[in-house]
2 protein chains.
Amino acid sequence: MRATLKDIAEAVGVSIVTVSKVMRGHGDIGQETRKKVLDKAKELNFRPNLAARSLVTGKSSIVGLVVPDLLHPYFVEIAKSLAATLRKNGYYLMLSSSEEDPRMEEQEVEHLLALRLDALVVASCAPTVPKLFGDIQDQGTPLVLLDRSFEGFRCNFIGSDNAQMGHLATRHLFSLKRKRIAHIRGPENSIGRGRFEGYLKAFEEEGLEPNPKYVVGTSTVDVDSTVQGRDAMKRLLSLKPRPDAVFCYSDPIAIGAMDAIVDAGLRIPEDIAVVGCGNLHYDEHLRVPLTSVDQGSTRIGVRAAKMLLSILDSKAAPSGKPTIRRTIEPAEIVIRESTRR
Amino acid sequence: MRATLKDIAEAVGVSIVTVSKVMRGHGDIGQETRKKVLDKAKELNFRPNLAARSLVTGKSSIVGLVVPDLLHPYFVEIAKSLAATLRKNGYYLMLSSSEEDPRMEEQEVEHLLALRLDALVVASCAPTVPKLFGDIQDQGTPLVLLDRSFEGFRCNFIGSDNAQMGHLATRHLFSLKRKRIAHIRGPENSIGRGRFEGYLKAFEEEGLEPNPKYVVGTSTVDVDSTVQGRDAMKRLLSLKPRPDAVFCYSDPIAIGAMDAIVDAGLRIPEDIAVVGCGNLHYDEHLRVPLTSVDQGSTRIGVRAAKMLLSILDSKAAPSGKPTIRRTIEPAEIVIRESTRR
DNA sequence: GTGAAAGCGCTAACAA
DNA sequence: TTGTTAGCGCTTTCAC
C-alpha cells in the first residue's frame, strides 16, 4: 500500500541505496538518476518510514515533553515555544500529559522511552523522585526536569524562581501599605515551598513577623483550584483582625479567593488586595482584573529548547564527563485592578 | 547501553524468540524460563523498542491528533478525553499543533504520516481541502476530520452542530424580548458559516428580517480575538438604533465585545445582552459572567475515540467497502449574568 | 515448550 | 556515480 525505497528502486531500475541517497539529498548522485527517482517518489507518494530510519540511526529526532496538565496555559505556552524552537533545528516535540497523576506520569515516560526518543523533558507531579528517573539517565537518554525539581537529585533543570515570585508579590503588597498580608499556599513541593519562602523573606526584610494564622493551605482534596481558593479565603475572612491583602499560590486560587471576598460583601482592592501567580491570559478580563506574577513561560520554552539542543550536541561529540545544566528564569509582576491603590 | 532482547537471551541462555514471547505474555513458555527471563529483564532495565516492533507488525498503536491551537480549551479538552479513552484500549495519542497555519499543518501531518501511526485526527485550519488529505486515505491511513469539515470531501467527521449553536444562542436572546440582535461573525469556514446560519434561522422562525448592518465580521488581521471582538463591537455601538443584544462567534470575541460595551458606559445585560460560544472554563469568573453555548468537548473526545477504535477494528477485519462515519454532537446553552433578565 | 530462519524499511561502510 | 553487504531490534512462521 505504502511505497518503500524498494518500490521506487525497482520501478526506476536502480538499487535501494541509490534511492535512499537521493531521498536524503546525498550529493553523490547523477542528475538524471536523481530526477527519475524523485519523479517516481512523487508519483508513488513516497514517505520515508521514520521508524525504520530511527532503528538504524539510533536517533528519532523527537523530544518528549510530559506535563501535569494540558489545560494549564503555563505548560502549553512552554510547549509551544519549545516545539517551535526545536522544529527550527530539525527536532519534533511529542507532548503528553500526566493529568497530575504520578502513576500516569510513569506510564507516559515509559512509553516515550520505549519510543526511543532523543531526550525527555518532564514537569513531574511526583511527590518524590521516581526511581525511573535515575534509570533514564543511566540508559543515556538525556533528561531535563521542568518547573519542579527534587531535593538531592542531580539533573538538568529549568524553571522559575519561585522564591522570587513570592517575594515580588508580597513586597508589592507591602508597598501598598498593607500589613496583614495573608498567603494561600500551594502543594508541598519545590514550587509551593519556594513561593512561601519568598513570602517569608519579604516579611523579614520588612522587619515584621508573619502571623501564622494568615497562612492557610489548600485542601488536598482533588477538586477545582478555584473552589479551593474560595474555601481557603473563607477561612481567612473569619479571622479577626481580617487580612487586608492576600498572596495566592496560583491564579485559579486567586479567582476563587476573589469570589469569596466579593460574596462576603467586601471590596477588592480597598478592603483586601489580591495577587496571584501565573499571569493567565484572561486575568485582565476577570471581574476584578487580577495582579499576577508572570513566569515568562515563552522564554522558558525557548531556553529549554536551547538546553536540549546543547545536550544533544554534546552527546554527539562526547567530551568526557556529562555536565548538569540549570536555568532559572526570573519573574515579573503585572499590576492590575486587584491591587490598585 | 540499552538492553535488547538479545542481551537478555544471551544472559539467560535462551533464544531471542523465547525472550520475545515472555515479554509479550505469550503463553507457551515454561514457568522457570519465564521467571529467569523476567528477572533478567528487570535487572537489565529492559524496555522494548517500539520502533522496531512497529516496523515488523506494521502498526504503532499511536493515533495522531493535529489541532490548530493548543491554548484553546476546546481542543485540549477533546485531546484529553480522546487520549484517556484511547489509552484504555491500548492506544496512545500523539498531539501536535498547527498554530492556525495551513503550511505547518501540512508539515505536521507529513511528519505523523512518516511516523506510521495507525490513524490521524485533524482539526484542519486549511481554507480548502489540502491535496494531502486525499493521499492519506488512498494510502490506507484512516483519517478523521475534527470540528472543521470540507464541502464535497468525503471523510470521517466528528464535530459540533454549529447551526444549532447559533440557533440556540439567538433564540435565547429573542426569549429575553430583544429585537435588535447583532452577530459578530467568525472566519469563513464551516464553523463560522454554520453559526451564522443558525442566527438567521432563529430570525426566520421569529418571522423577522435580520438587519444586515447588525452582522459584522472580525478583521482578518492576525491579532488576538479579544481585540477583534472589541473592535467589532465598537462598530456595532456606533449604529443607530444601537443593538440590544449580540451573539458572538466565540468567547474571546465576546470578552472583547463586553469590554467595548463597558467602556462605552453601557450595562450588560440591561443595555446589551451578550452570548458567546465555547463555554470556556473561566466564563463564570469574568467581569460579567458570560452566557455561552457549550459544545460538549469532552463528549466529542470520547466519541472520536470510539469512532477511531471502530475504524481500527474494521481495518483489522476488512469487510469490503470502507464506510464513512459522521457524528455531530449537540450543544447546550449555559446561562449566566450577561443575559440575565 | 523452544528455537532457527526470514524479513519489516532503512542506513553505514565499503567496494567497484 | 552506483551497488553490495550487513545489520538495527523486533516478530512471525514453522519445525523440532
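It should be emphasised that the depicted structure is a prediction, and the values quoted were computed from it without experimental measurement. Chain letters run A, B, ... following the sequence lines, proteins first and then strands; every chain starts at 1.
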Keeping A:D118 on the side-chain end and A:S60 on the backbone end, is there a donor-acceptor pair under 3.5 Å?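 Checked: pair present.
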
Can a donor-acceptor pair be found, under 3.5 Å and without considering hydrogens, that links the side chain of A:E105 to the backbone of A:C125?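 Such a contact is found between A:E105 side chain and A:C125 backbone.
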
Respond yes when some side-chain nitrogen or oxygen of B:T18 is under 4.0 Å from OP1 or OP2 of C:dG3, and no when none is.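 So the side chain of B:T18 is within the cut-off, an N or O lying under 4.0 Å from OP1 or OP2 of C:dG3.
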
For [X] and [Y], which I'm curious about, is there any donor-acceptor pair between the side chains at under 3.5 Å?
X      : Y      : value
B:E99  : B:S97  : yes
A:R154 : A:Q137 : no
A:S98  : A:E108 : no
A:R116 : A:S54  : no

Let me know the distance between CG of A:L115 and C1' of D:dC10, rounded to the nearest Å.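 Result: 15 Å.
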
Distance in angstrom units between A:R34 CZ and D:dT1 P, rounded: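 Checked: the CZ to P distance equals 10 Å.
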
Using a heavy-atom distance cut-off of less than 4.0 Å, which residues of residues 134-142 of chain B contact DNA chain C?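 Residues of residues 134-142 of chain B that come under 4.0 Å of DNA chain C do not exist, since none gets that close.
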
Can you pull out how bent the helix from C:dG1-D:dC16 to C:dA16-D:dT1 is, comparing the axes over its first five and last five pairs, to 10°?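 For the helix from C:dG1-D:dC16 to C:dA16-D:dT1, the axes at either end differ by 30°.
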
Do [X] and [Y] have side chains that get closer than 4.5 Å, going by heavy atoms?
X      : Y      : result
B:D147 : B:Y74  : yes
B:K80  : B:T298 : no
B:V122 : B:L120 : yes

Considering every strand and a 4.0 Å limit on heavy-atom distances, what is the contact class for B:S54: base, sugar-phosphate, or nothing?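 The residue B:S54 makes no contact with any strand.
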
Nucleotide-resolved protein contact map, nucleotides 7-16 of chain C, B/S/- at heavy-atom distance under 4.0 Å: BBBBBB----

Could you label the plane-to-plane angle of the B:F133 and B:F153 rings as parallel, tilted or perpendicular, counting under 30° as parallel and over 60° as perpendicular?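 Judged by the thresholds at 30° and 60°, the geometry between B:F133 and B:F153 is tilted.
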
